[in-house]
K.L.:
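The structure's right below; bear with me while I get my questions together.
Numbers restart at 1 for each chain; the letters A, B, ... are given by sequence-line order, proteins then strands. These numbers come from the heavy atoms of this one structure, side chains and all, not from hydrogens, waters or symmetry mates.
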2 protein chains.
Amino acid sequence: MTTGESSASTGRPRSEEAHRAILDATLELLAEVGFSALTVEGVASRAGVGKATIYRRWASKLPLVVEAFGALPGMEDFDTGDLGEDLKKMLRSYIQVFNTTALSAVLPSLAGERAHNPELAKVFEPVSLERRGPLVRAFERAVARGEISPEVDLALAGDLVVGPIAVCLFFKGGRLSPRMVGPMVDLALAGILDGEAASA
Amino acid sequence: MTTGESSASTGRPRSEEAHRAILDATLELLAEVGFSALTVEGVASRAGVGKATIYRRWASKLPLVVEAFGALPGMEDFDTGDLGEDLKKMLRSYIQVFNTTALSAVLPSLAGERAHNPELAKVFEPVSLERRGPLVRAFERAVARGEISPEVDLALAGDLVVGPIAVCLFFKGGRLSPRMVGPMVDLALAGILDGEAASA
DNA sequence: GAGTAACGATACGTATAGTATCGTAATGAT
DNA sequence: ATCATTACGATACTATACGTATCGTTACTC
């Protein structure tokens with residue numbers, strides 16, 4: 001669905017350079033104008049390619065955006081044997097990603113569009129879930145080690161840990177600093193490690 | 001800035017009915033199509049008024065949206081003498097607002113637009129801040145009572161408490177349930193009440 | 001070097017934005 | 001009662017810009 005098939009082995013091959021230029025331009029424009037204001041024409045112009053070159057590969061802007069978004073780096077996994085350390089390392093490295101890529105502008109735009117675009121919501125559900133993977137696995141390791149009680153609601157715990165970042169990103173729009181991670185994780189984990197909350 | 005002045009005392013007065021119909025239609029469309037796809041023409045059609053009637057009162061869709069958004073109910077304040085109870089009551093009532101108004105669709109849309117629309121970001125900064133008012137005041141009361149240490153970073157604490165709601169709203173799009181509030185606040189407050197985290 | 005498919009560019013038709021203006025309706029002043 | 005004034009809903013107008021179709025050219029296979 002993402003890419004139209006390159007049909008024959010004969011003829012001029014598709015340009016990999018154009019492919020990358022298109023994806024880069026898509027991310028740039030996504031960050032600048034958002035999903036709904038993004039147009040294939042705008043991407044073509046920014047990428048220095050013809051519109052047909054884009055439509056030949058992607059049926060519409062939706063799969064184009066999906067592929068471009070998927071190319072952004074995800075969360076790196078760390079396994080230090082300590083949940084707090086894992087989370088801190090993971091979030092610090094992820095904040096680095098936010099601050100060095102278009103992700104910090106792209107993510108709010110897509111999340112906002114999700115609310116009134118069921119098709120986009122559907123396509124991004126698995127992508128979004130997969131992005132949380134390393135976080136979930138860190139919690140699961142902590143449960144397996146006996147570091148936290150199996151009764152803790154892991155989904156809620158995860159939301160608690162990343163919540164402040166989301167709030168900062170969506171409502172404050174401020175730069176994220178790796179220095180906020182330490183107190184954030186400590187504060188969030190205090191109740192989780194004590195096994196204070198049973199499952200909801 | 002929000003409303004063009006009703007200039008003279010003579011002539012036909014502006015219709016209050018049309019005013020309300022326009023604001024209602026704006027919220028509806030904001031929830032359905034989002035900010036950037038919202039057009040004054042669409043609002044006029046939905047509200048059953050002429051476009052001129054809208055442009056006579058608002059210079060563009062931005063102040064129109066600001067006024068429509070401002071008409072949505074905010075967070076109710078509770079003062080029970082216990083921080084946990086205050087937060088639970090406030091969040092439960094606010095979730096009711098989310099589930100009975102267009103807020104749950106409007107908020108992500110505006111938050112997403114904020115990322116690439118500096119003008120909207122600027123206009124909504126004070127509005128957004130004021131919306132958090134009751135939450136901040138509950139924490140300040142808790143500090144005054146000695147319930148939590150003055151060294152706790154209140155901004156971070158607030159983000160921690162509302163974070164899971166934000167995550168749910170932006171990434172999962174699931175209905176918010178008042179039943180999630182109890183464990184959520186308990187989990188979040190565990191570290192805050194212990195004074196576990198010093199200021200960042 | 002003939003055949004084929006992708007390339008960037010661009011012309012085309014359609015849709016819809018915001019502006020300007022229409023005749024009508026409702027109020028206050030004379 | 002009549003007139004002046006302003007708002008009303010409707011619509012014609014102009015410009016922009018979307019996606020589609022097609023151009024001559026380029027790159028690669030056989």
K.L.:
Output the rounded distance in Å from CH2 (A:Trp58) to C1' (C:dA6).
P.N.:
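Distance check: A:Trp58 CH2 to C:dA6 C1' gives 13 Å.
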K.L.:
Does anything in residues 132-177 of chain A form a ring pair (Phe, Tyr, Trp, His ring centres under 6.0 Å)? List the pairs, not counting sequence neighbours.
P.N.:
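Qualifying pairs, neighbours excluded: A:Phe170-B:Phe170, A:Phe170-B:Phe171, A:Phe171-B:Phe170.
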K.L.:
Could you state the atom-to-atom distance from CD of B:Glu17 to P of D:dA7 in whole Å?
P.N.:
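Result: 17 Å.
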K.L.:
Do B:His19 and B:Arg57 meet the criterion of a side-chain donor-acceptor pair at a distance under 3.5 Å?
P.N.:
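Checked: B:His19/B:Arg57 side chains pair up, N/O donor to acceptor below 3.5 Å.
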K.L.:
Could you tell me whether the phosphate oxygens of C:dG3, OP1 or OP2, come under 4.0 Å of any side-chain nitrogen or oxygen in A:Thr10?
P.N.:
no
K.L.:
Quick one: the side chain of A:Arg12 and the base of C:dT4, do they pair up donor-acceptor inside 3.5 Å?
P.N.:
no
K.L.:
Need one value for A:Ser60: base, sugar-phosphate or nothing, where a base atom within 4.0 Å counts as base even if backbone is also close, heavy atoms only.
P.N.:
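Nothing: the residue A:Ser60, judged by heavy atoms under 4.0 Å, touches no strand.
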K.L.:
Hey, which sits more toward the 5' end of DNA chain C by its nearest nucleotide, A:Thr53 or B:Lys61?
P.N.:
A:Thr53
K.L.:
Please list residues of residues 32-50 of chain B whose heavy atoms come under 4.0 Å from any atom in DNA chain D, ordered by number; otherwise none.
P.N.:
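Within this stretch, B:Gly48, B:Val49, B:Gly50 sit under 4.0 Å of the strand.
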K.L.:
So, does the side chain of A:Lys51 form a donor-acceptor pair with the base of D:dG19 at under 3.5 Å?
P.N.:
yes
K.L.:
Taking CD1 from B:Ile22 and C1' from D:dA7, how many angstroms apart are they, rounded to a whole number?
P.N.:
11 Å
K.L.:
Take atom NZ of B:Lys88 as the centre, draw a 6.0 Å sphere, and report whether it contains more than 12 heavy atoms from other residues, nucleotides or ligands.
P.N.:
yes
K.L.:
For A:Ile54 and D:dT20, give me the distance from atom CD1 to atom C1', rounded to whole Å.
P.N.:
14 Å
K.L.:
Is B:Lys61 atom NZ crowded by more than 12 heavy atoms from other residues, nucleotides or ligands, each under 6.0 Å away?
P.N.:
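It does: B:Lys61 NZ has more than 12 such atoms within range.
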K.L.:
Just the rounded figure in Å: distance from P of D:dC8 to CD of B:Glu16.
P.N.:
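The distance from CD of B:Glu16 to P of D:dC8 comes to 10 Å, rounded to the nearest Å.
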K.L.:
Run B:Arg137 and B:Asp79 through salt bridge (charged side-chain N to carboxylate O under 4.0 Å, His left out) and show every step you take.
P.N.:
CA-CA 9 Å; B:Arg137 284 191 288 277; B:Asp79 185 359; over 6 Å; no
K.L.:
Mapping B:Ala52 and A:Tyr55 to their closest nucleotides on DNA chain D, which lands nearer the 5' end?
P.N.:
B:Ala52
K.L.:
Can you tell me if B:Arg14 touches the phosphate of D:dA7, counting only side-chain N or O atoms and a distance under 4.0 Å to OP1 or OP2?
P.N.:
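Yes, within the criterion.
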K.L.:
Would you say CD of B:Glu17 has more than 12 non-hydrogen atoms from neighbouring residues, nucleotides or ligands within 6.0 angstrom?
P.N.:
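No, the 6.0 Å shell around CD holds no more than 12 heavy atoms from other groups.
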K.L.:
Whole angstrom is fine here: how far is it from CZ in A:Arg56 over to C1' in C:dT4?
P.N.:
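Atom-to-atom, A:Arg56 to C:dT4, this comes out as 13 Å.
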K.L.:
Please give, in whole Å, the distance from D:dT6 P to B:His19 NE2?
P.N.:
20 Å
K.L.:
Do A:Val127 and A:Val106 land in one hydrophobic cluster if side-chain heavy atoms of ILVMFWY residues count as linked below 4.5 Å?
P.N.:
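Linked, A:Val127 and A:Val106 end up in one cluster.
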